[in-house]
Amino acid sequence: MKDKAIEKLIKAETKRQNETINLIPSENYVSKDVLEALGSVLTNKYAEGYPKKRYYGGNEFIDEIENAAKARSLQAFGLKDADWGVNVQPYSGSPANLAILAALVPLGEKIMGLQLDMGGHLTHGHKVSFTSKAWKSVPYVLNKKTEELDYEAIGKFARQEKPKLIITGYTAYPKVIDFKKFREIADQAGAYLMVDMSHFAGLVAGGVYPTPFKYADVVVTTAHKTLRGPRAGVIFSKRKYYVQGLKIDDRSVERKEIDLSKLIDKAIFPGLQGGPHANQIGGIAVTMQEAMQSSFKKYAKQVVANAGVLAKELEKLGFRLVAGGTETHLILVDLTNKRMSGGEASDKLEKNGIIVNKNTIPYDPRPPMDPSGIRLGTPALTTRGMKEKEMKQVAKLMKEVLVDNKNISAEVKKLCKKFPLGY
Ligand code: DSN
């Protein structure tokens, strides 16, 4: 690079990524092919509109790339174009979520997602998010005792509040979601069912997490978490959504069919965004192709196996896990019995080269800036090639830092060196 200052920082970041144990469950390491697409000339092109309906000339190849990204996204999740529309233009997950709400819910109407401090997301209606200013947010909570979803209680709440849209799919929930139950809840409330599978999309593609497509009306994902792609959003929406309504006479009810994907496309462009990021779309195309390989299925399986081992080991070493453990890529640790906050733990671990993020636990008595927990995940370490044996070692290292106050930086570096990122 000619810009030496930035080149130096990029090199330093590459070194940091290589030399640290990354347990942030929403991060991953992309392939060289994805990096190449992101850093390609695709970034030079304006392509407002959709394939064959652009506002700029010169989009012959961009059209092909966007169409490939769409077709491969459908294929990666076993979907047919006749049933599901797909939009690969969202800049990331937050704008994608905003677009879904803008497309489907009239302003001021009710939306229902999991409360942020229980594991939900800002854009699922948190009070500081624009989503709760434009819509009336009525959040549901987890069961205090089990720290899990209580479908009966959520159903009762939804029937009472009658939101227009219900969101499931979270950022800090270690268990598998029962989408069928959410479908029933949404039907009883007369609501759309939106699944935000950003965290576990790679597990769905890899066949180790139930597919939400059987039950959802709209499914959103980011590409950069378990899917291991670029920072970008993808929205899948039903082409045939039936509105029960409009009573014609006492006996007949007109079933009006709506293509939700048309509403979503309009909300993305021209509703909320301008020119799509063609380099990210190229990255999505590459990612989805990678996600269809048998090696990715193996990867997804290993992510879950690794999380299971890490969770069990941590438990054996005296750590309390929220909801009693994990069924996914993610673990939430409550540090209350260690007499330290999530912030303190995160800082101590980082000084030793282990990167985690502090996180609230359900019904957290502490503030979000210094909550009681840390959130861990195995997608990044599994990409490096780490397996069960290394997970046991990582749990031991964490205990040595957090409980025994040891300095284990050298051991972390040694372990990382055995599993290079390849860049
Ligand atoms: N910030 C993401 C996460 O870390 O889970 C969610 O968008």
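Ligands are counted one by one from 1 in listed order, and the atoms in each one are counted from 1 as well.
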| request: Answer with yes or no whether the side chains of S92 and S94 bring together a donor and an acceptor at under 3.5 Å. | output: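 On atom types as modelled, these side chains do not qualify, holding no pair under 3.5 Å.
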| request: Would you check if there is a donor-acceptor pair between the side chains of Q188 and E184 at a distance under 3.5 Å? | output: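 Not at all, the side chains of E184 and Q188 share no donor-acceptor pair under 3.5 Å.
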| For atom 7 (O) of ligand 1, what is the nearest protein heavy atom, given as residue, atom name and distance? |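 Minimum-distance protein heavy atom for atom 7 (O) of ligand 1 reads H121 NE2, 2.9 Å.
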| said: Polar contacts were defined as any N/O atom of the residue lying under 3.5 Å from an N/O atom of the ligand; does this apply to H199 and ligand 1? | reply: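 Such a contact does occur with ligand 1.
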In ligand 1, which numbered atoms sit nearer than 4.0 Å to a non-hydrogen atom of [X]?
X	result
T171	5 (O), 6 (C)
S26	3 (C), 4 (O), 5 (O)
K225	2 (C), 6 (C), 7 (O)

| query | H277 vs Y91 aromatic rings, parallel, tilted or perpendicular, using cut-offs 30° and 60°? | reply |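 Plane angle under 30°, so parallel.
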| Mind checking whether F179 and Y209 have parallel, tilted or perpendicular rings, split at 30° and 60°? |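 F179 vs Y209 ring planes: tilted.
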| query | Is the number of heavy atoms from other residues, nucleotides or ligands under 6.0 Å of K297 NZ greater than 12? | reply |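 Check passes, neighbour count above 12.
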| Protein heavy atom under 4.0 Å of atom 1 (N) of ligand 1 |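 Within 4.0 Å of atom 1 (N) of ligand 1, no protein heavy atoms are found.
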| Trace of the side chain to side chain donor-acceptor pair (under 3.5 Å) decision for N22 with T20 | CA-CA 6 Å; N22 183 6; T20 52; over 6 Å; no
| At a non-hydrogen distance cut-off of under 4.0 Å, which region of E27 contacts ligand 1 (side chain, backbone, both, or neither)? |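 It is neither; nothing of E27 touches ligand 1.
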